[in-house]
Structure formats: C-alpha cells, structure tokens
Number of protein chains: 4
Amino acid sequence: MSDVPLRDRIMAAAVRCAEGRGVRRFSLEDVAVEAGVSRTTIYRQFPGGREQLVQEAATWEVARFWRRLGRAVAAESTLEDRLVTGLMVGADMIARSRIMSTLQDPDIEELAVALRPSEPLVHGVIRDYIRSLLVAEQEAGRVGLGVDVDRASDYVTRMTLSVLSSPAGVDLADEAATRQLVRSQFLGGIVRAEV
Amino acid sequence: MSDVPLRDRIMAAAVRCAEGRGVRRFSLEDVAVEAGVSRTTIYRQFPGGREQLVQEAATWEVARFWRRLGRAVAAESTLEDRLVTGLMVGADMIARSRIMSTLQDPDIEELAVALRPSEPLVHGVIRDYIRSLLVAEQEAGRVGLGVDVDRASDYVTRMTLSVLSSPAGVDLADEAATRQLVRSQFLGGIVRAEV
Amino acid sequence: MSDVPLRDRIMAAAVRCAEGRGVRRFSLEDVAVEAGVSRTTIYRQFPGGREQLVQEAATWEVARFWRRLGRAVAAESTLEDRLVTGLMVGADMIARSRIMSTLQDPDIEELAVALRPSEPLVHGVIRDYIRSLLVAEQEAGRVGLGVDVDRASDYVTRMTLSVLSSPAGVDLADEAATRQLVRSQFLGGIVRAEV
Amino acid sequence: MSDVPLRDRIMAAAVRCAEGRGVRRFSLEDVAVEAGVSRTTIYRQFPGGREQLVQEAATWEVARFWRRLGRAVAAESTLEDRLVTGLMVGADMIARSRIMSTLQDPDIEELAVALRPSEPLVHGVIRDYIRSLLVAEQEAGRVGLGVDVDRASDYVTRMTLSVLSSPAGVDLADEAATRQLVRSQFLGGIVRAEV
DNA sequence: CACTAAACGAGACGGTACGTCCCGTCTTGAA
DNA sequence: TTCAAGACGGGACGTACCGTCTCGTTTAGTG
C-alpha cells in the first residue's frame with residue numbers, strides 16, 4: 001500500500017495470517033486479501049507456490065527477529081549485559097509474538113519447521129557473534145587464562161539458544177534472576193569475576 | 001499385519017508414509033492403503049481426522065525414539081558412558097531415520113513440528129532422568145562438593161539436547177571425540193576427575 | 001431434487017444456463033448451482049470436464065428436439081400432413097426455444113456447433129424415416145410410377161432440413177402457405193395429385 | 001509480413017492458429033506471436049477483444065471461401081457446368097481446409113458457429129447469384145415454360161448448400177456422378193433437356 | 001441355529017484450496 | 001504517436017484431498 005516492495009508486503013501478510021489462523025490454516029486467498037494483492041500475483045512472485053512463500057516468509061521473519069535482537073543488544077557494552085539483555089528482550093519478543101504463542105498450541109505449525117533448516121545457520125551466526133564479543137573481552141583482559149575461546153563461544157551459544165527456546169524454570173522477565181543465570185551458568189568458568 | 005492393534009498399524013503406516021513422501025505430501029488414502037485399511041476406518045479410530053492422526057503418530061514415534069535410546073543407555077553403567085552412548089546412538093538413529101534426513105530438506109515437514117510441543121516435556125523427562133543419575137553419582141561420592149544437582153542436571157540436559165539437534169562441528173560418530181566433549185564440556189565442573 | 005438421475009439433472013441445468021447466459025458465458029459453477037450439485041460432482045459425472053458436458057448436453061437436447069417432433073408428427077396420418085405438421089411444429093419449437101433465439105445473436109455459441117457433428121447423423125435418420133413413409137405411400141398406390149424412392153427421400157430430407165434451418169421467405173406459422181410449399185416443392189413430382 | 005495491413009495479418013494469424021490448435025484452444029498470445037505482433041496491438045485493432053477477432057476472422061475467411069469459389073465458377077459458361085464445378089471445387093476446398101476437417105472432430109469449434117449467423121446471408125447471396133444465372137438461361141430459351149424463376153433459384157440454392165454441407169452418399173470428387181446429380185436432381189424440372 | 005449388532009469396506013458427495021491458464025487493462029519505455 | 005514489453009487483477013478450469021454420509025458385507029455374540 002505504498003512503495004514497499006511487493007514481495008515484502010506479501011511476506012508480511014503471510015506472517016500476519018500465520019499469526020492469526022495458524023500456519024496450516026491460512027489460504028493463499030487470505031494472504032492475497034491481507035496484502036491487498038491478487039492471488040495470481042503471489043504465484044508470480046513465488047513460483048514455487050505456497051511452499052516457497054511459507055519458506056521464504058519464515059526465514060524472512062527469523063532474520064527480522066535476530067536483526068531486532070541484534071539492535072537491542074548493540075546498546076549494551078559488556079558481554080554480560082549483552083547476554084542478559086539478549087535473553088530478556090528475546091524472550092519478551094517471543095512471548096509477544098503471536099506466532100510463537102500459537103506455536104505452543106498442540107496443533108501443527110509449518111512455520112516452526114520451515115524455520116528448522118535455519119537452525120544450524122543461526123547457531124553458526126550467533127556463535128560467531130558471541131566469539132567476537134569474547135575476543136574483545138579477552139583483549140580487555142577479562143577472560144580466564146585457560147579458556148579456549150572457540151569452545152567457550154560454542155558453549156555459550158548452546159546455552160543461550162536452549163534457554164531461549166525452553167526457559168524451563170528460569171523467569172527471563174526477572175532481570176536479577178537472568179543476570180544470576182548468566183553469571184553462574186553461562187560465564188561461570190569463562191569470565192573472571194569482577195572485583 | 002495380523003493381531004497388532006488397528007490403531008498402531010495405522011500409526012505405523014502413517015510414519016512410513018511420512019518417511020516416504022514427506023509429512024505434508026501423504027494423503028489419508030495413502031495411509032489407508034499402506035495400513036491395508038479403509039479410509040473410513042482411520043476416521044473411526046482418529047475422529048479428529050488427519051490432524052489427530054499426525055499428532056498421535058508423531059508423539060508415538062518420538063516416544064519410540066526415546067524408549068530405544070533409553071534401552072541402549074541402560075546397558076552402560078557410569079554417567080559418562082551413558083552420556084557418550086546416548087549421544088552416539090541418538091545421533092546415529094537420527095541419521096538413519098529417513099524422516100529426520102528428509103527433515104533436513106528445506107521443504108516443510110509437519111512431523112517435526114508436531115514433535116515441537118513435546119520439547120518442553122522431553123526437556124523435563126530427560127532432566128529428571130539425568131538428575132537421578134547425578135544423584136547416584138553423588139551418593140557414590142563422585143560429584144564435586146559445591147555442585148547444585150538441580151542446576152547441573154538442567155545444564156547437562158541443555159547441552160545434550162543442543163548437541164543432538166545441531167552437532168555443529170562435533171563428530172558424534174567418533175567415540176573418542178564424543179567422550180572428550182562429554183568430559184570437558186558436559187561434566188567438566190561437576191564430576192570429580194577419575195584418579 | 002427428486003429421483004431424476006444426477007446426470008440428466010446436470011445436463012438439464014447446463015441447457016438452462018446456455019439458454020440464459022449463452023453457451024460460452026456460463027461457468028461450471030453456474031451449472032452446479034442450477035443443478036443443486038457441487039462442482040466436483042459434475043467432474044465426476046463428466047470426466048472430460050466442461051467440453052464433455054457441453055457436448056453431451058447438446059446432443060441430449062437435440063435428441064429431445066427430434067423426439068418431441070416425432071411425437072407431434074406421429075399423430076398425423078398422411079405423408080403431406082406429417083411434413084406440414086413437422087415443419088410448423090419444428091419451426092415453432094425453434095422459435096420458442098430460447099437457445100435458438102440467442103443463437104441468432106451474432107455472438108459465438110458453442111452449443112450450435114456441438115450440435116454440428118450430429119448433422120449427418122440427423123440427415124440419415126430423417127431420410128430413413130421419410131423413406132419409410134414414402135414406401136407406405138407407394139404401397140398405397142399414391143406415388144408416381146417413375147419415382148426412385150431412395151432419391152426422393154433424400155431430396156425431401158434436404159428440403160425439409162434446409163427450410164427448417166433457414167425458412168427464407170416462407171412463413172412456417174401459416175398452415176396454408178406451408179401446405180402449399182410442401183405440395184408444390186417437396187412432393188411435387190413424387191406424390192400423385194389427390195383427385 | 002511487410003505492407004500487408006496489420007488487421008489482415010492478425011486475422012490471417014488467427015485463422016492459422018484455429019487450423020492448428022482448434023478454435024477454442026488458441027490464446028491471443030498465440031495469435032500475437034504468429035502475427036509477429038504484441039498482444040496489446042490486437043486489442044487496439046479489435047477493441048472487442050477475442051470475441052471480435054474470432055468473429056471478424058471467421059467471416060473474413062468465409063468471404064474468402066466464396067470469393068475463391070466464385071472465381072472458379074466464373075470460368076465456366078453454362079449453368080450446369082457452374083453448378084458442377086461449384087460443387088466439386090467447393091467440396092474439394094472444404095476437404096482441403098484443415099479447419100473444416102478439424103471441425104469434423106467431435107470437439108467444440110467456435111469458428112463454425114461464428115460462421116453460423118452468416119448462413120441466411122449466404123443463402124440470400126447464392127440464391128440471387130443463381131437467379132441471375134437462371135434468368136440468363138431463360139433469356140437463352142433454355143428454361144422450361146412453366147418455371148417460376150424465384151422459386152427455382154431458391155430450390156437450387158437449398159439443394160446446393162445442403163449437398164455441400166452433407167454430401168450423404170454422393171461422391172463430389174466424381175465429375176460424372178456430380179453432373180448426373182445436378183442434371184437429375186437440381187435442374188430436372190427446370191432446364192430443358194439439351195438435344 | 002438363526003438373528004442381530006457392531007465393525008469394516010466401498011463409494012458418492014459437498015466443500016476448500018491449490019496451481020494454472022488466459023483475458024482485458026494499465027503503465028512504462030523505446031522507435 | 002504507435003507499438004513492444006510486461007505487470008497486475010480477475011475469473012474459470014481441472015485436480016487433489018478432506019470430512020461426512022449411506023450403503024453392503026462380514027464377523028461376532030446372543031437368544
């Protein structure tokens with residue numbers, strides 16, 4: 001409805017539809033109406049049909065998620081703060097997102113799975129990012145001596161993604177608790193205790 | 001194909017179909033033929049229709065996965081061996097499973113997602129199981145003094161599930177490497193080094 | 001809607017639609033609604049789709065036309081009366097038929113053409129029928145001596161069909177004129193003048 | 001493909017397409033390609049769209065048919081020869097024409113029907129033409145005394161068109177047979193026997 | 001032993017959505 | 001200006017399933 005590229009408008013509409021009716025329930029007709037576009041045009045933009053649309057919309061949405069998380073985290077300065085903020089903001093975004101909440105439903109959701117193949121990718125990206133942060137910490141002399149940065153970043157990445165996907169007991173809305181978790185579990189053996 | 005309960009025969013057929021054509025591609029007609037049953041009967045057994053069938057077949061298959069993993073692990077005696085064996089056997093089963101391999105495909109698969117909601121559940125079950133193992137280790141005096149068993153089991157669970165779902169660099173077919181991983185990363189600060 | 005066979009109900013609906021909107025304009029959806037049937041069912045009855053439906057409905061309707069004409073003609077006793085009645089009733093039915101009137105429209109109509117292939121067939125049937133009448137007349141001694149019955153019946157058939165399809169000057173609603181036409185043109189050299 | 005008027009090029013292309021794929025099967029895209037023209041241009045030349053194009057192309061082709069038949073017939077001198085030649089050449093042209101042959105197919109063809117509305121018109125034109133020939137014969141003293149020229153020309157026209165559209169037993173490729181037919185059936189009671 | 005009731009097989013139907021084709025309109029850019 | 005090129009909305013087509021229903025038929029279980 002403006003100068004937003006047609007493709008993006010359609011993907012955005014698809015995401016909104018998925019949030020509303022659930023991924024398996026919306027029809028391309030719904031998306032077309034939501035995007036203010038004809039069904040034909042969707043097939044012109046995504047020749048692979050529904051499948052391609054869902055796939056691309058999903059990765060597009062995932063990218064947007066991490067982009068926003070990245071921006072939020074960039075405002076912080078220390079590694080610990082970034083982890084804490086990342087966990088809290090991420091959990092909040094997930095909670096807010098209607099997709100994720102509907103994803104809790106026992107009914108089947110393609111989106112989550114369309115998002116599956118991107119998991120190893122995400123793992124890699126996040127790990128590299130965290131590694132760069134760790135290196136910075138190391139250069140600042142705040143990392144323990146015997147620490148293997150590669151191994152440590154992989155480890156922190158796993159814990160982060162795991163906690164984000166299933167908090168399991170930790171209340172990520174509580175900053176103190178989250179910070180406690182990050183300190184003891186995530187960075188325990190890595191970062192030297194602040195004096 | 002004889003005195004096996006009808007329900008199970010249908011679910012097994014559904015799993016086979018999912019392995020073959022992918023979850024979104026098979027029709028109830030396919031399942032019916034595969035199970036040597038009429039389509040009507042499927043609706044009689046699963047009044048919720050396709051959705052219920054996929055859901056139940058998925059969790060049924062997941063349960064089978066963990067059951068088999070459990071049996072394999074039960075043969076081992078120490079915590080470390082159980083973790084190593086669990087990781088290796090689990091990874092192997094995932095690799096062998098045609099569903100999982102097709103799941104790598106970028107195309108959409110409901111099964112994986114039908115399996116999603118069980119994730120927190122699985123987390124809980126595995127954590128409790130590992131916790132019981134840790135308690136045993138503790139009673140055997142093989143756990144470090146300051147270790148919080150609850151926290152440690154949660155931690156080991158996260159690492160296990162994470163590594164299973166995305167190995168990311170670790171070769172879980174290599175026992176030495178896997179054992180090394182388990183020792184240093186999983187049980188590093190928890191179990192006292194064997195003398 | 002009753003115990004009328006589904007197939008016939010659909011064809012009747014198709015004919016009504018053709019009468020209404022013109023043959024090229026109606027959609028299978030229209031026919032489905034008109035027949036009180038789902039679109040799917042039409043495809044189940046006519047696997048050849050729209051084409052087959054139009055084809056069959058057309059010949060079905062043509063057959064109905066000639067059947068009714070045959071009944072009307074059967075009431076008459078002499079050859080001349082049958083021809084006169086046939087021409088008049090036929091012209092009247094064509095005039096009444098909304099299909100035929102819309103067929104006058106310069107716009108394209110498939111029905112008329114779907115009916116085309118049946119033309120030689122119709123020619124044969126009508127010729128045989130007229131031949132049988134001629135033979136009866138001959139046996140009654142009312143046919144001229146040198147008349148070749150085969151040739152004569154073919155001739156009368158051509159004139160009949162031609163006049164029916166394009167009257168061109170003759171008013172087939174006027175019995176006197178029609179009878180005059182039949183006597184002088186159709187049976188002129190064939191039947192012996194009544195004394 | 002050069003200075004031939006755009007309109008004619010398009011209609012010629014339409015006729016070729018109709019000959020190839022059948023009338024209902026070709027798309028405007030096909031015609032555009034065949035005519036070496038953009039689809040837009042077709043709409044500029046035929047604002048009525050596909051319908052107008054088919055209509056005009058059909059009558060254009062029909063006119064061409066009769067024009068060519070007229071030229072062939074003009075070479076003959078007597079009425080009988082013109083009729084014989086007309087029947088034979090006409091039948092031959094119809095047989096050769098790929099459109100007409102495909103028209104025999106049971107599948108639906110708009111062209112034939114687009115040509116339908118012109119039937120009464122054709123009847124009138126042919127009749128007037130034949131009437132003029134008959135008048136000439138009459139002036140040459142070769143027509144029977146009691147013959148009504150109007151009625152006779154109408155009659156000959158009907159027989160001619162009828163035989164052309166459905167020969168029904170007569171072999172119009174055999175000159176002797178055709179001539180025999182024309183003499184006995186068409187001109188029997190009209191033209192005085194040549195001495 | 002027949003009779004009935006439940007479970008299954010077979011198949012028709014309504015309905016939803018998909019992917020495709022084509023039409024007719026419009027805009028943009030180049031000759 | 002005229003035309004080519006191409007995007008778009010819209011309508012219909014033919015197909016694939018789903019879920020529901022109604023019939024036979026087989027199989028047990030019971031009077």
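Naming convention: chains lettered A, B, ... in sequence-line order (proteins, then strands); numbering from 1 in each chain. Every heavy atom of this structure was used, including side-chain atoms; hydrogens, water molecules and symmetry mates were not.
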Residues forming a side-chain contact (heavy atoms from CB on, under 4.5 Å) with Phe46(B), sequence neighbours excluded = Arg7(B), Ile10(B), Met11(B), Ile42(B), Gln52(B), Leu53(B), Glu56(B)
ask   = Between Arg25(C) and Glu51(D), is there a side-chain N and carboxylate O pair less than 4.0 Å apart?
value = yes
key: Cation over ring face, Arg50(A) and Phe26(A), 6.0 Å, 45°   = yes
ask   = Is the shortest distance from a Lys or Arg side-chain nitrogen in Glu34(C) or Arg9(C) to a carboxylate oxygen in the other one below 4.0 Å?
value = no
task = With DNA chain F as reference, determine whether Asp30(B) or Glu29(C) sits nearer its 5' end, using the nearest nucleotide of each.
result = Glu29(C)
task = Please examine the side chains of Glu61(B) and Phe65(B), heavy atoms only from C-beta on, and report whether any two atoms are closer than 4.5 Å.
result = no
note = When rounded to whole Å, the CZ to P distance for the pair Phe46(A) and dC18(E) reads 14 Å
inquiry  = Without decimals, in angstroms, what is the distance between Ile10(A) CD1 and dA7(F) C1'?
reply    = 12 Å
5' priority, DNA chain E, between Gln45(B) and Thr41(C) [closest heavy atom] = Gln45(B)
request  = Whole angstrom is fine here: how far is it from CD1 in Ile42(C) over to P in dA12(F)?
outcome  = 13 Å
task = Classify the nucleic acid contact of Leu6(B) as base, sugar-phosphate or nothing, counting any heavy atom under 4.0 Å across all strands shown.
result = sugar-phosphate
Under 3.5 Å, N/O pairs linking protein and nucleotides 24-27 of chain E:
{"unit_1": "dG24(E)", "atom_1": "OP2", "unit_2": "Tyr43(D)", "atom_2": "OH", "d": "2.7"}
{"unit_1": "dG24(E)", "atom_1": "OP2", "unit_2": "Arg50(D)", "atom_2": "N", "d": "3.1"}
{"unit_1": "dG24(E)", "atom_1": "N7", "unit_2": "Arg39(D)", "atom_2": "NH1", "d": "3.1"}
{"unit_1": "dG24(E)", "atom_1": "O6", "unit_2": "Arg39(D)", "atom_2": "NH2", "d": "3.1"}

request  = Map Ser27(A) and Val37(B) onto DNA chain E by nearest heavy atom, then report which one ends up closer to the 5' terminus.
outcome  = Val37(B)
ask   = Within the distance-only criterion (no hydrogens, no angle test), does the side chain of Asp8(C) pair as donor or acceptor with the backbone N or O of Pro5(C) below 3.5 angstrom?
value = no
key: Whole-Å gap separating P (dC17(F)) and CG (Leu53(B))   = 15 Å
